[in-house]
There are 2 protein chains.
Amino acid sequence: MNEIPAAVCPTSLAFQMLGAAHEVEARLESALDRIGLSVAKFGVLSKLVEAGEPLALGSLAERSCCVRSNMTQLVDRLEADRLVERINDPSDRRSVRAALTPAGRERHAEGAHIVEEAGRAVFASLDDGERATLQRVLAQLGRSP
Amino acid sequence: MNEIPAAVCPTSLAFQMLGAAHEVEARLESALDRIGLSVAKFGVLSKLVEAGEPLALGSLAERSCCVRSNMTQLVDRLEADRLVERINDPSDRRSVRAALTPAGRERHAEGAHIVEEAGRAVFASLDDGERATLQRVLAQLGRSP
DNA sequence: CCTGTATGATTCACCCATGAACGAAATTCC
DNA sequence: GGAATTTCGTTCATGGGTGAATCATACAGG
């Protein structure tokens, strides 16, 4: 059976995708909430850990695929949490770099653990092949635009 | 090749999924923006069209998988756009029902057209089999929790 | 030099979403 | 009938996101 799959309605597929992603995000969000992080905050910490050095807010916004004004506020909150610090760039006085604090580095490590767990739970109902297919299809979806 | 797919990292898969959904949502959002709608507003109009009758805000919130306070504001904005109207329920004076206006019904029809187009464009890089697989995997993801 | 122009961050107004607190109305249970 | 409880919508504070406007600084070209 199922040799000739019926054409999939693009509208319902799109909304199904948004719904599923909403579900996944809610699960990560509630897991991270246990250590006072959000998906957005964890994302910023990850970028800083990856980079291995303080990053200008604009660069951070670009890597996070969001606008600069958003990063301003996100870093405001992260700074209030004492997880990052703003430092001035002497070589360009317009620029402000976000630097991880030791607490930020540590919180990111805890977050990475939690996200790994939560991710595993979310995709537990899929077998290895389905996960690989999903990854391939999502990547394809990102490449075309 | 690829007989034994490497295990997929759940963290990166989760973030890839959020990123792809963000992309899809942004495309729908920008398409709907041309007629002054958003994905959230279109969703509410759709629920009202489906139901074929005015719906209480609580019921609308439940069908949209969001909290009631959110629906209050969403209906505020839809009412400001003259696309829905609040009507009192004489049989339960606590209840407020949202009713489509003729403009709302018409705007929904335009939106449905636009979303269909945009959805088709978004998934254009996938073949029929991939779309069917994606749908199946997303459904599976939603069933397990 | 100095006058544009481009770029970095911020502020502001807005949209969407959540949860807690609240008042009003319906229900339940003496 | 009246007290306690539940349910409905709203309001408020907060978090996360966008785009437009603004200010300071850097970087041209004359």
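Throughout, protein chains are lettered first and strands after them, A, B, ... in sequence-line order, and every chain is numbered starting at 1.
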**Prompt:** Which residues satisfy the side-chain contact (heavy atoms from CB on, under 4.5 Å) test with B:R120, sequence neighbours excluded?
**Reply:** A:P10, B:E116
**Message:** Just the rounded figure in Å: distance from C1' of C:dT7 to CZ of A:R93.
**Reply:** 15 Å
**Complete:** 5' to 3', nucleotides 9-14 of chain C under a 4.0 Å protein heavy-atom cut-off (B base, S sugar-phosphate only, - none) gives BBB---
**Range on DNA chain D touched by chain B, heavy atoms, distance below 4.0 Å** = D:dT7 to D:dT11
**Prompt:** What distance separates A:L78 CG from A:F42 CZ, expressed to the nearest 0.5 Å?
**Reply:** 12.0 Å
**Complete:** Under a 4.0 Å heavy-atom cutoff, the residues of residues 29-45 of chain A touching DNA chain D are A:S38, A:A40, A:K41
**Message:** My understanding is that only residues two or more places apart in sequence, or in another chain, count here; which of them pass salt bridge (Lys or Arg N to Asp or Glu O under 4.0 Å) with A:D92?
**Reply:** A:R94
**Prompt:** Can you list the residues that meet the salt bridge (Lys or Arg N to Asp or Glu O under 4.0 Å) rule with A:D127, with sequence neighbours excluded?
**Reply:** none
**Prompt:** Tell me: CG of B:N88 to P of C:dA24, nearest whole Å?
**Reply:** 16 Å
**Request:** Return each pair, listed once, that meets side-chain hydrogen bond (donor to acceptor under 3.5 Å, both in side chains) where at least one residue sits in residues 102-111 of chain A; pairs must be two or more places apart or across chains.
**Result:** A:S46-A:H108
**Contacts of type salt bridge (Lys or Arg N to Asp or Glu O under 4.0 Å), residue A:R86, not counting sequence neighbours** = A:D76, A:E79
**Item:** Which residues share a salt bridge (Lys or Arg N to Asp or Glu O under 4.0 Å) with A:K41, sequence neighbours left out
**Value:** A:D81
**Fill in**
Atom NE2 of B:H22 and atom P of C:dC16 are separated, to the nearest Å, by 14 Å
**Asked** What residues, two or more places apart in sequence or in another chain, satisfy side-chain contact (heavy atoms from CB on, under 4.5 Å) together with A:A124?
**Response** none
**Asked** Residues two or more places apart in sequence or in another chain: which of them pass side-chain contact (heavy atoms from CB on, under 4.5 Å) with B:A103?
**Response** B:L83, B:T101
**Message:** Just to verify, what does B:E130 make a side chain to side chain donor-acceptor pair (under 3.5 Å) with, not counting sequence neighbours?
**Reply:** A:R136
